Amino acid sequence: MRPRLNSLLAQARWAQRVFVIAFALLPVLIVTLASVPALIILPFLRSRSAHALTMTRQLAAWTRALLISSRER
């Protein structure tokens with residue numbers, strides 16, 4: 001009985017992680033796609049290259065937070 005309960009809990013954790021990633025990935029993808037034109041143009045403007053770097057770091061941080069939060073129990 002105990003191994004079966006452990007198996008069900010493991011499957012529930014896996015399903016929870018899939019749902020968290022599936023629902024949180026949509027806003028991250030929308031923001032990333034909306035940022036692509038700016039990330040293509042901004043690095044070529046001297047006054048805005050730092051802004052492009054900041055946007056890239058923020059997108060990476062959001063993606064990292066999404067993946068880390070999906071592992072929490």
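Scope of the values below: all heavy atoms of this structure, side chains included, with no hydrogens, waters or symmetry mates. Keep in mind that this is a model prediction, so the values were computed, not measured.
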Open item on the list: When you group the ILVMFWY residues by side-chain heavy-atom contacts below 4.5 Å and let the links chain together, are L33 and I40 in the same group?
Closed with: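 No: no chain of side-chain contacts under 4.5 Å links I40 to L33.
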Open item on the list: Restricting to side chain to side chain contact (heavy atoms under 4.5 Å, CB included), what partner residues turn up for L59, sequence neighbours left out?
Closed with: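 Listed in chain order: V31, T32, S35, L39, W62.
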- [ ] Tell me who clusters with I30, hydrophobic residues only, linked when side chains sit under 4.5 Å apart either directly or through other members.
- [x]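 Via sub-4.5 Å side-chain contacts, I30 links to L26.
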Open item on the list: Please report the interatomic distance NE2(H51) to OG1(T56), rounded to the nearest 0.5 Å.
Closed with: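 Atom-to-atom, H51:NE2 and T56:OG1 are 10.0 Å apart.
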